[in-house]
Amino acid sequence: MSANLKSMTIPELGAILKELGQPAFRAKQVFTWLHKGVRSYEEMSNLPQSLRAALAGKYPINAPKVVRKQESQKDGTIKYLWQLSDGNCVETVLMRYHYGNTVCISSEVGCLMGCAFCASTLGGLVRRLEPFEMLDQVLFTQIDSGLPVSHIVLMGIGEPLDNFDNVMRFLELVNSPEGMNISMRHISLSTCGLVPKIDALAKRKLQLTLSVSLHAPNDEVRSTIMPVNKAYPTEELLAACRRYYAETSRRISFEYAMIDGVNDSVEHAKELIRRLKGLPAHFNLIPLNHVEESPLKPSSKNAVARFQKTLEDAGIPATVRRSLGGDIDASCGQLRRKYTKEQGSSADDK
Ligand code: SAH
């Protein structure tokens, strides 16, 4: 990878600036400017002109371009489709909640995981995002919308734990007091269940919320909708969740897409209750967003309500996720999919 200054920590920037004969305090200045989303070194008004020119010659500053922007008339949700410097596109969604504005960012272009209900994975994985490309989604969503971002969820296109090092670096950058200073407690990371990476994350003892896309109580159901389950079956996944809790004391948030006739019976809920015994957890029940290419359908309102009540009666808190941006293809990967299809050729086919 060519060095991108926006992916670097302050000490790393310090090393580069030292080579250019600069004093140590410049690193913080450059970091802070980059994390304000400047598009050129000319904006870095407290740097000497000669340094601005030297940096501009060596380290271009990237900024993604808005290729589509859709705003929900119902709830103010804004969805961006960004074009990255190599022409690939990713999506970011800004959701407005009473506690603050949340951005949902992508971690990869496409996805390897192959979940049967998900639009992001239909064209496979194109490439993993660099740390600055995740940071840019937060920065430029904030700049373009004029709305301050206080919360981040890694629930867009891609599997964050499949891009582990870059995601860890992104978290460090976005959490930095000299940059966006977004608290770990305001960040959620969602995974389809890559067990060794859940263990690696646990060791870092971050205060973020781990969301696990469970979507089924057992291997029989889970393997039919999530190929990752063949590598890491539910028992191993739930054991990793228990280790994660033991290591971090952070309650796991389980995501559960409610699919008609597949995973939404009271029996399924009861099986979950049995298998999760003793593990502090919270469930987000998400009525499936219908994806054109898939035969799977959302559960009925009644089925969702019954499922929720069964979990709650057993002491497991379960929230039915309000679906935001339903009028703007806000669900994972749908906008990119539509756009690349319209373009005829596509990033998907590369
Ligand atoms: N790869 C990560 C994060 C990206 S997806 C993961 O699997 O967790 C964010 C969430 O949206 C996941 O829980 C995913 O399973 C869910 N999701 C994907 N497509 C969906 C759909 N059509 N309807 C409802 N939820 C969906």
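Just so it is clear, the model here is predicted, and its values are computed rather than measured. For ligands, and for the atoms within them, numbers begin at 1 and follow the listed sequence.
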Within the 4.0 Å heavy-atom shell around [X], which atoms of ligand 1 are there?
X	value
V291	22 (N)
E255	10 (C), 12 (C), 13 (O)
C118	18 (C), 19 (N)
H215	13 (O), 14 (C), 15 (O)
G156	4 (C)
C192	6 (C), 7 (O), 8 (O)

Which segment of [X] sits under 4.0 Å of ligand 1 when only heavy atoms are counted:
X	value
H290	neither
N289	both
T191	backbone
E159	both

Can any side-chain N or O of Y245 pair as donor or acceptor with the backbone N or O of A281 at less than 3.5 Å?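 Checked: no pair found.
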Before signing off on this row, confirm whether G158 and ligand 1 have an N or O atom pair separated by under 3.5 Å.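 Looking only at distances, the answer is yes, because the N/O contact criterion of under 3.5 Å is met.
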Polar contacts were defined as any N/O atom of the residue lying under 3.5 Å from an N/O atom of the ligand; does this apply to F117 and ligand 1?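 Between F117 and ligand 1, an N or O pair is found under 3.5 Å apart.
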Under 6.0 Å between ring centres, would you say that holds for H282 and F254? no
Salt bridge [X]-[Y], side-chain N to carboxylate O under 4.0 Å:
X	Y	result
K79	E91	yes
E247	K203	no
R52	E43	no
D86	R127	yes

H215 and Y256 aromatic ring geometry - parallel, tilted or perpendicular at 30°/60° bounds: perpendicular
Do L84 and E133 touch side chain to side chain, with heavy atoms closer than 4.5 Å?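 With C-beta onward as the side chain, the pair touches.
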